[in-house]
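What you see below is based on every heavy atom in this structure, not just the backbone, and it leaves out hydrogens, waters and symmetry mates. Note on naming: letters A, B, ... go to the chains in the order of the sequence lines (proteins, then strands), and numbering restarts at 1 for each one.
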Amino acid sequence: MSLDREQKEGAELLLMGNEAIARGALEAGVRVAAGYPGTPSSEIIETLSRFSEAGKLYVEWSTNEKVAMEVAAAASFAGLRSLCVMKQNGVNVASDFLLHLTGSGTRGGMVLVTCDDPGALSSVNEGESRHFARLMEIPLLEPSDFREAKEMTRWAFTLSEAIRNVVMVRSVTRMSHASGNVVLGALPEIAGKAAFCCDGPVSDPDCGPVISTPVVAKHRLQQEKLRGATTLFEESPFNAYEGPEDPELLIITSSVCTLYSREALSLLRAEGRTGILKLGTTWPVPPALLKKRLASAKKVLIVEEVLPFLEDQVKILAAEQAHEIGIKEFYGKNDGTLPMVGELNPDLVAAAVGRILGIDPPSVPAEYREKLTALTALVPKREQTFCPGCPHRASFWGIREALQRDHRGGFVCGDIGCYAMASLFPAAGFHTAKTLHSMGSGTGIASGFGKLGPFGMEQPVLAVCGDSTFYHAAIPALINAVHHRADITFIALDNSGTAMTGFQSHPGLEVNAMGEAAPMVDIAALCRAIGAPVVVGDPFALTETRETLNRLLEEPGVKVLILKQSCALSPGKKGKKTFLVRVDETLCRGDACGCNRLCTRIFRCPGLLWNRDRKKAEIDEVICAGCGFCAGICPAGAIRNEEAAKS
Amino acid sequence: MNGHLVKDPYNIVITGVGGQGNVMASRVLSNMLVRKGFKVTIGETFGMSQRGGSVMSHIRVSPTAVWSPQIPKGTADLIVALEPIEAIRVLADYGNPTVKILVNLRAIYPVGVITGEDEYPSTTVIRETVMALAAQARFLDATDEAIRLGNPILGNIVMIGAVAGMKVLPIDRELFEAVIRDGMPAARVEANLRAFAIGEANVA
Amino acid sequence: MQERVAEPAGQRNGQGGQKELEEQVLRTGLCTGCGACVNLCPYQAIYQDRTVLLHPCDLAQGRCYDFCPRTPTDRDALRRNFQEAADCTPELGAVKGFFITRAADGNLRCRAQHGGSVTALMALALREGLIDAAVLVEEGEGLLPRSVTVTDPNEAGERGRSRLVVSPTVAEFNRIVRGDAAKIGVVATPCQAIAFAKMRALPLSESNAGIEKLRLVVGLFCGWALSWRKLAPLLKKKTDIARVIGMDIPPSRYHTLEVYTSGETIRVSLDEIDPCVREACRSCDDMTAEFSDLSVGSARLPEGWETARGWNQVIVRTKQGMDLLELARRRGVLEFREAPPGNLEKLKAASLGKKRAAERFFGRDVADEETTQAG
C-alpha cells in the first residue's frame, strides 16, 4: 500500500504527505537525498531509501542536519538534483551552512524540505522554519494538500535550477502525517554524470569554485534571482483564489490552513460571502496577485501557523499600496483573532470567521452537550510513558537508585529521544531528569554544570544521550567536557537504533539507510579516544548499573557509562519475550508495609497491573514484553521469570 | 450501499492506544475507499503513539473534495474504538446525536489505573455511557477473537471486518482482500482474511 | 528527661511512615545510620554510612518509623519490658552487675578492641548454641565497616576492631531474620540497641515477624560515631587509609584519636575530629547501650591507659546477660579482675554528662531551626 517501484504513472494512491513529497522528488529525478530523522519528517527519506539504486539514487541518514545539507549540496555542485530533509529544529542546526550555501548558490536543483510541528505534537518546541527562508533570501513553498505536496516538490527542483539557489519546501505535521489521494506522475529516465567543474574563475557560476565571496556581488546576484522567482510566483498555479469576486471577507492562507479555512466556510455556510486566497509561494509573496485580491475586499483575515509570517508581509504590502487599494481591516494573529501559539484546526478558524461575519458556528444540541459533559467525565487520563520492556525505564531506575544513594542532590541533564520522556513526565524517569533542550545539549549543559564545583556546587552532574543523538551533537560537547576537565558522568543510552522516530540507521549500526553493510563507529572506542574512561553495561543488570554509577559519581572528570540494550520495539526484539513473567500471589505483599506496590506504584511498567479487588499485582500478558526486569525489583520475590520458549 | 455515502464528507474516527495497530486499520479502511473512487483524507497523530498514549485517526471520505485532516468537533459519523475508554474520550469531542460507534471491549489500562491513582470504569458503565451517547452502538471482543486467531494485533482487522458488517460504508470482503494482497506478505493474508470475516460476522 | 528525643507535637508511637521518618529524623540530622528502617522494604537503604530514601512510600504507618530509635519512644515502657525495676539507675539504666573483664585468649585480644570481651562472648554464645547466628561488624573498603552474619564461632574472633563509623547492624538483622537462623545475637551500639528494644516491644504480628529470634543483644559503649564522608578525606590527608587496621579513643585527658596502621600509630587531636562527629550523636543521651543484655566499653584502671586498654568494663543489665557472663567465667573464656573503686561512679557521671549534652542540644536545636527558616 505504500509507495513502491511497481506503481505506474496515472495510478491514484492514498499517500501520506511525506510519501507525496518523496514521490515529487523522484518524479523530478532526484539523485542524492540526505536527512536526519525527526518527527514529522522521517518518512520522506525512508520512502526514498526504498527507491535507492547504485548510480541512480543515493540516500543517507546523515549524522546531523548540517551534514545532510552539506552532502546534498555537494551533489548539487556536481550537477545532480539533490534533496535534504529535516524537521524544523534541523534547520537551526544546518542554518550556519545554509547561510553560506545561499550565498554561494547551487548548480543541480537543490531542495530543502522542512517539516514543522505546530502545537509540538511530537517535539519540544513549535518553532517554525519559514523565517529561515526570509533570513536566507531563498524561495519558500508550502503545499496545502497531498497532490500539491508532490507537484510542488517536483517543481521546486526546476525553480532551484532557474535561480541557482536552494528552494525550501515547508510542510507541517498535519500535512506530513496526513494522507490523501495522489495521482502518480512519470518517473524520468535518470541520466547525467556527476562532475564538479571548478577550474574556472570565481565569477563563473558553472565552472568556478563554489564560495560565497565576493560577498556583496554574490548577494546582489542572489537577490536578483529571488526577484525573478517572485515574478514566476505571480503566475504560479500554486497560488489560487476561490470565492466571490468582491467578498465581504478575504482569507489569505497557506499550507494545511487552506483546508481548515475551506472547512470553516463550509461549517458556517459562508462560502458565498468569503473568498480564500491560498498561497503556495509564501516567500516572497507575489505582490501583484496580493494587491489585486486585497483591492477586492475590506476585511482581511490571515490564517497561518504559527507566528504571523504571512500577516506581516501582507500588512507591509497593504501599507505600500494603501493609496491605491484603500485602508483594510486586518484580522489574524496580531489582534488575537487567532491564537499565536499552538496549531490551528477547522473549529478555531470557524470561530474566528464566525466572529468577523457575525455567524455562530454550528454545535451539537445543548441537551446532547449536557449529557456528553456529564457522562464522559469518567474517562481516566492516558499519560505517556516508556513502553513495556523499554531499557530506558531500567536505566532511569538504576540512575535513580544510584543518585538517591549518593545523596548529594545529583541530577540528569536530559536530551532528545524517547528518553526525553524522563524529563517531560517526571514519574517516567523516576524524577531524575531535570533539563531538556535541543539535540546533544544535555551533554553541553552538563559540561557547564561540571565546572561549577569551585563555585560551591556539590551536586553530581549526569548527562544522558541516545546513540543517534550521540553522533548528532553530543560529541563536541563531550570533547569540551573532557578537555576542560568538567566533572560529569555521561551515560549513553544505547538502544541500537533511532528508536524514537522508527529505527533509522545511524553510524553506530552496521547498516546504512539503503540497507547496505556499513562500518560501525563504536561509541566506546570514540569516547576512549578522546580520553574518557568508559564502562559498558546492561541497564537490565540493575545491581551492576547502580554500583558502577555510584563508583563513577565519586570520581572526578568525565566518566562514560554506556548502557546497551536494544529497544523493545526493535525489529529483532518486538514480539519476542525473553521471559514469561508471572506473579506468585501467595508471595505478593501488595500494599502492605514492606512493599506498598513498588512495581505498580513506582516502577509503573504498563505490563504490570494492580488488581484492586485482590490487592495483588498481576502481569498483563498481552502488554508485557517479557524483559523480566521487574522480577529483580520485587522485594518479596513474588514476580517470577521463566525462560520463554525460543520461537 | 451501492457506493454512496449518507453524507459528504463522511467522517470516521478510529481511536485506540499506541501499539494496537490503529494506523494500519485507518490505512486499510481508507485504501478500500480510495479503490471505490472516493477522495479520502486521513489525519493522524502518531509521534509518541508507541509510548502508551491515545492515538486517533480522522478519516474524511468524499466523492469529490479533499477535506481537512482534522474533523470539526461534534461531527463524527462513525467512531471505531479499539479500546473502550478511548471510545468515550472521542465521543466527548466528536460525538453528536447521529453518531454510530463500534467498540472493542478489551481495556488497555492507562498508567494512572495501573498505579491505582485512577479508576477504570466497568464494562457495564462503558456500555451504558456509549449507548446513551450514540445513535447506534456495537460492542465486540475483538482482541479476544484475535488472540484465538493467534495474534492479538489482528484485533484491528477484526474491527475493520465489523465496520463492513455494520453496512454503513460501501466496503466488503473482496475489496479488503484486494487491498491487503497489495501491501502485505502473502503468508499473512489468510490470517487477516479470517480476522476480517470474524469481525464481519460478529456484527452482521 | 530521656524522652527528649525528637518530639514533634502530637506524635505518638507508631504514628508515622516514611514521610514522617524523613521529616522528623532524616532531615533533622537525627538519623544514626543504625539500619532499623532498612531491608524491611525497597524504599530505604544504607549507602556508605547514611540512610537514604530510594523511592517515596506513601503509607501512613510503617515499620521504618516504628523501629527507628529516634522517633518518639516511651523509654520507661521499653525498660519495663525486659529489665527489672530494682536494677534501674537514672544515670546508666539497669545495672545488675559491673565487671572488669578481658578475653582469656591473648590472640583474640590482639585482634579485637580493648579486652576483646565482646568477641569472646559472641563466640561463646555461638559455641554453646545460645545463638546460631551473630550479627557482627567487619572492616570494609576504605574505613567503611559492614555488618555481617557469622555462624561459625571461630569466625567471630576475626571481627572485633572498631572504625568508629556506624555500620547498619539492624539492617543486617532485618535481612537475616527472614532466613534460616532461629536464634540471633547482635552486637549493637546504643542507638541500635534502642531500635532492637522497640522492635521487641511491638506486638508480634505479621509485620514484626521474626523478632522473637533475637536472643542476645551485646551493647557497646559509645560517645559518638564519626561521619564517614567527613572522616575519610581527613584521614586520607594523614595516611593511606587502606592500611588502617584500627582506631581508638584513649581517656578524655589525651583529647586524641589514635589511628593504627600496620606500621605506625597516628594521633589526631579531637579538635580536628570534632567536625566529623555525626550530627545525630550530639543529641544522643545513651552512652552505655542501656537497652542491651549486657554492655561493654573500654576500662579505666589505676595502672594507667596502657594497661587499661587491654581490659573492658561490662555492665550487666538482664538475667540473660548475667547468665552469659557467668557462663564465660565458668568456661574460662573471660578473665575477671576487681573493678577499681569509683569506676562505676565515674561512668555514671560521664553518662549523665551525655544526657545533659543531649538536652542542651535539643534546646539549641529549636533556636537553630528558627533561624534557618527565617533565612
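- For chain A, the nearby parts of B:Pro97 are the backbone and the side chain; heavy atoms of each come within less than 4.5 Å.
- Looking at B:Glu128, neither its backbone nor its side chain comes within 4.5 Å of chain A, counting heavy atoms on both sides.
- Atom CZ of A:Arg614 has 12 or fewer heavy atoms from other residues, nucleotides or ligands within 6.0 Å.
- Heavy atoms of B:Glu83 lying under 4.5 Å from chain A belong exclusively to its side chain.
- Proximity to chain B (any heavy atom under 4.5 Å) is shown, for A:Asn611, by neither the backbone nor the side chain.
- Contacts of residues 66-74 of chain B with chain A at a heavy-atom distance below 4.5 Å involve B:Val66, B:Trp67, B:Ser68, B:Pro69, B:Gln70, B:Ile71, B:Pro72, B:Lys73, B:Gly74, listed in sequence order.
- Neither the backbone nor the side chain of A:Leu598 comes within contact range of chain B; no heavy atom of the residue lies under 4.5 Å from a heavy atom of that chain.
- Residue contact with chain B, scored on non-hydrogen atoms closer than 4.5 Å, is absent for A:Arg147.
- Scored by the side-chain contact (heavy atoms from CB on, under 4.5 Å) test, A:Ala427 finds A:His431, A:Arg604 as partners (sequence neighbours excluded).
- Ion pairing between a basic and an acidic side chain is recognised when a charged N comes within 4.0 Å of a carboxylate O; A:Glu12 and B:Arg35 show no such pairing.
- Between A:Arg369 and B:Asp93 there is no salt bridge, since no side-chain nitrogen of the basic residue lies less than 4.0 Å from a carboxylate oxygen of the acidic one.
- The contact between B:Arg106 and chain A is made entirely by side chain atoms (from C-beta outward), counting heavy-atom distances below 4.5 Å.
- Heavy-atom distances place the side chain of B:Val99, and not its backbone, under 4.5 Å from chain A.
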